[in-house]
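Report on the structure given below.
Only heavy atoms go into these numbers, but all of them, side chains included; no hydrogens, no water, no symmetry mates.
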Amino acid sequence: MSEERSLNFIEEIVEEDIAAGKNDGRVLTRFPPEPNGYLHIGHAKSICLNFGLAQKYNGKTNLRFDDTNPVKEDVEYVDSIKEDVKWLGFEWAEELYASDYFDKIYEFAVALIKRGLAYVDDSSAEEIAAQKGTPTEPGTPNEYRSRSVEENLQLFADMKAGKYPDGAKVLRAKLDLAAPNMHLRDPLMYRIKHAHHHRTGDAWCIYPMYDFAHGQSDAIEHITHSLCTLEFIPHRPLYDWFIDQLGIFPSKQYEFARLNLNYTVMSKRKLLQLVTEGHVESWDDPRMPTISGLRRRGYTPASIREFCERIGVAKRENMIDVGLLEFCIREDLNKTAWRRMAVLDPIKCILTNYPEGEVETMHGENNPEAEDGDGSREFPFSRELWIEREDFMEVPPKKFFRLGVGLMVRLKNAYIIRCDDFVKDADGNVTEIHCSYLPESKSGNDTSGINVKGTIHWVSVPHAKTAEVRLYDRLFQVENPQSEDGDFKDYLNPNSLDVIQTVYIEPDLANAKPGTPVQFMRKGYFTLDKYSTADKLVFNRTVTLKDGWVKK
RNA sequence: UGCCUGAUAGUAUAAUGGUAGUACGACGGUUUUUGGUACCGUUUGUCUAGGUUCGAAUCCUGGUCGGGCAACCA
């Protein structure tokens, strides 16, 4: 164990267990999603924790689908979950399903009935809720609680055989109706659902509840450390009770605080709503905090793993600043993304003293962060260039290191130019900038002796290719939409997507590949959208560059 | 008015009775053919009131504040 970083509280538990010789030092974790939605960045935290723990302690991790509620689940979700876990860079030991254990779990239930620890209850959901009492008043037993073992056995078999409609009966644990912990007031173990299951089909019409499936599945797999989020703390006594009564492998549950990210929502229910109501395009809309959305946005697996490492693991409720996620992707992409030039908001710049029709080939390294620049590429230079509109000002303020009449800048990997003049249209908009270039200032063999403060990017007008660019901003206008009054959707950011139809890009960008990040110099990191075509290139902005220039 | 949890800079996270540290952010500077990167520096913290102790973020007691729990969801 490295001494470099201190351990989080779960690592401490694991190390204590190993030191104590528990489970012969074996570590087996599991990642247990319900296949009822797409994975999001919060799941990434759990994935990194579970798989990371196993990697660190020579253990393994199972991927187990908690598929005990057929009406909400689907193979579409199973497939996406597998893809996302793999993409994040993890390999599971076994792909398992709670539904694989339905026979076994049924036997567990029968065993408890035989011991008088479970009974069939004919009450309605409302009646059961009422009989449970309140946090301050104990619950009251009903007539069904005292049914004989034989009757319960028969009734439960009949439930399984499909003799009753949905809701007619449930199987309950006979525990303690006065327990201060509401979860112990005779919790439901099985309910009737005549529903088609995505894996078991119509084989079953009764399905176990979470509390009678999760711990049992853990035990069947001999999971040593079952990690879940804080809201399951009150379930732990039940988790332990069932395992204890059944005499099965004693998996242990430990709880950590789930990830909350500001300016977004993280519940599957809310994310589903954003999709179905059309507030976003799909589950993998680049504005979504889903793994697939982040992937399409241009986030890398390494950056997400790094993020999960940095946020830490503790029991305190937290709200992580999305700025940290952005830091992680910038840090990664800065080292890997090739640099290219693209002008998002173009204005024409004419070099009045440059020969008409002449074309020069300029060179630029792919990545200045790499030792050898990661190689270089060529791009054409000519008399007319597209430059960024914001790189020119009619009345430049004091520390404006760009263009304005009389000011000089360097064109990246090309010449220094001086702004002489500009042209306006009838509405007063600047339409053209006239500059003269300094022939002796060519990049690579500059003998001008002139130093300029600013360097701007450009694209040669006759050689430029075009692309569509999509700029994304935070999905919500407030840090925590679900804590605000009213509907969380009232706080959606109306400007979360800004589509720029025509952007001028240097010719080489026409060869961009999907999934390969690129930095548009001075503008940010971009990646080709998964639905981009050769006819119509579409780039997504992953994240802006940090902007240290404060106007004013 | 029940039970369970938690509380350390703006945000996270360490310190496990012995110098409150790290990261991100913010601010300032150096370098720079990206106002990026890199590097340097500055800034801000133990919820509260008592107690134990030579010594408390840490242990004890009371309080305050936050989160969770009464789905045939997970």
- Message: Ring-plane angle category for A/Tyr190 and A/Phe156, please: parallel below 30°, perpendicular beyond 60°, tilted otherwise.
- Response: perpendicular
- Message: Does A/Thr455 contact B/U34 through a side-chain donor or acceptor facing the base, at a distance under 3.5 Å?
- Response: no
- Message: Ignoring hydrogens and geometry beyond distance, is a side-chain donor-acceptor pair present between A/Tyr415 and A/Glu360 at under 3.5 Å?
- Response: yes
- Nearest-angstrom distance, C1' atom, B/A38 to B/C59: 46 Å
- Evaluation steps, ring pair (Phe, Tyr, Trp, His ring centres under 6.0 Å), between A/Phe401 and A/Trp549: CA-CA 10 Å; A/Phe401 305 141; A/Trp549 187 59; 8.3 Å; no
- Name the nucleic acid region contacted by A/Gln519, choosing base, sugar-phosphate or nothing; use a 4.0 angstrom heavy-atom cut-off, strictly under. base
- Message: Whole angstroms only, please: what is the CG-C1' distance between A/Asp547 and B/G25?
- Response: 15 Å
- Query: Any sub-3.5 Å donor-acceptor pair from A/Asn366's side-chain atoms to A/Trp338's backbone N or O?
  - Reply: no
- Message: Taking any heavy-atom pair under 4.0 Å as a contact, classify A/Asp446: base, sugar-phosphate, or nothing.
- Response: nothing
- Using the C1' atom as the reference point in each nucleotide, state the distance between B/U48 and B/U42 in Å, no decimals. 31 Å
- Query: Is the A/Phe539 to A/Phe520 ring centre distance short of 6.0 Å?
  - Reply: yes
- Query: What integer number of Å spans the P atoms of B/A12 and B/U64?
  - Reply: 24 Å
- Message: Using atom C1' in both nucleotides, what's the gap between B/A9 and B/G29 to the nearest angstrom?
- Response: 23 Å
- Which part of the nucleic acid, if any, lies within contact of A/Val313, taking any heavy atom under 4.0 Å across all strands shown: a base, the sugar-phosphate backbone alone, or nothing? sugar-phosphate
- Query: How are the rings of A/His197 and A/Tyr207 set to each other: parallel, tilted or perpendicular (split at 30° and 60°)?
  - Reply: parallel
- Task: Decide whether a cation-pi geometry holds between A/Lys270 and A/Phe488; the criteria are a distance under 6.0 Å from NZ or CZ to the six-membered ring centre and an angle within 45° of the ring axis.
- Result: yes
- Query: Is a donor-acceptor pair below 3.5 Å formed from side chain A/Arg522 to base B/G35, judging by atom type as modelled?
  - Reply: no
- Does CZ belonging to A/Arg389 count more than 12 external heavy atoms closer than 6.0 Å? yes
- Query: Side chains of A/Asp66 and A/His214: do they bring a donor and an acceptor to under 3.5 Å?
  - Reply: yes
- Message: Taking B/U11 as the reference, what is the distance to B/G45 when you measure between their P atoms (whole Å, please)?
- Response: 13 Å
- Task: Check every atom of B/U34, B/U5, B/G2 against the side chain of A/Thr136 and return the nucleotide holding the closest atom.
- Result: B/G2
- Task: Using Watson-Crick or G-U wobble pairs with both distances under 3.5 Å, give me RNA chain B in dot-bracket, 5' to 3', with [ ] for crossers and | for pairs to another strand.
- Result: .((((((..((((....[..)))).(((((.......)))))....(((((..]....))))))))))).....
- Message: A/Ile320 and side chain to side chain contact (heavy atoms under 4.5 Å, CB included): which single residue from A/Ile41, A/Leu259, A/Leu325 fits?
- Response: A/Leu259
- For A/Phe400, report the nucleic acid contact type (base, sugar-phosphate, nothing); a contact means any heavy atom under 4.0 Å. base
Is there any protein nitrogen or oxygen under 3.5 Å from a nitrogen or oxygen in nucleotides 21-23 of chain B, and what are the pairs?
residue	atom	partner	partner atom	Å
B/A23	O2'	A/Arg310	NH1	2.4

- Message: For A/Glu309, give me all partners under side-chain hydrogen bond (donor to acceptor under 3.5 Å, both in side chains), at least two apart in sequence or on another chain.
- Response: A/Arg5
Tabulate atom names and distances for all N/O pairs under 3.5 angstrom spanning the protein and nucleotides 37-43 of chain B.
residue	atom	partner	partner atom	Å
B/U37	O2'	A/Asn334	ND2	3.0
B/U37	O2'	A/Glu369	OE1	2.9
B/U37	O2'	A/Glu369	OE2	3.3

- Message: Please verify the inter-ring angle class for A/Phe65 with A/Tyr97; under 30° counts as parallel, over 60° as perpendicular, anything in between as tilted.
- Response: parallel
- Rounded to whole Å, NZ of A/Lys453 lies from P of B/U32 at a distance of 10 Å
- At under 4.0 Å between heavy atoms, what does A/Gly524 touch on the DNA or RNA strands: base, sugar-phosphate, or nothing? nothing
- Message: Taking only the C1' atom of each, what is the distance from B/U46 to B/U58 in whole angstrom?
- Response: 10 Å
- Note on the structure: So the salt bridge (Lys or Arg N to Asp or Glu O under 4.0 Å) pairs with at least one residue in residues 184-194 of chain A (sequence neighbours excluded) are A/Arg145-A/Asp186
- Message: What does the B/S/- profile of nucleotides 64-74 of chain B look like, 5' to 3', with a 4.0 Å heavy-atom cutoff to protein?
- Response: ---SSSBSBSB
- Relative to A/Phe256, does A/Lys315 satisfy both conditions: NZ or CZ under 6.0 angstrom from the six-membered ring centre, and within 45 degrees of the ring's axis? no
- Do A/Tyr101 and A/Leu96 come within less than 4.5 Å of each other through their side chains, counting heavy atoms only? yes
- Under 4.0 Å between a side-chain N or O of A/Arg236 and OP1 or OP2 of B/C4? no
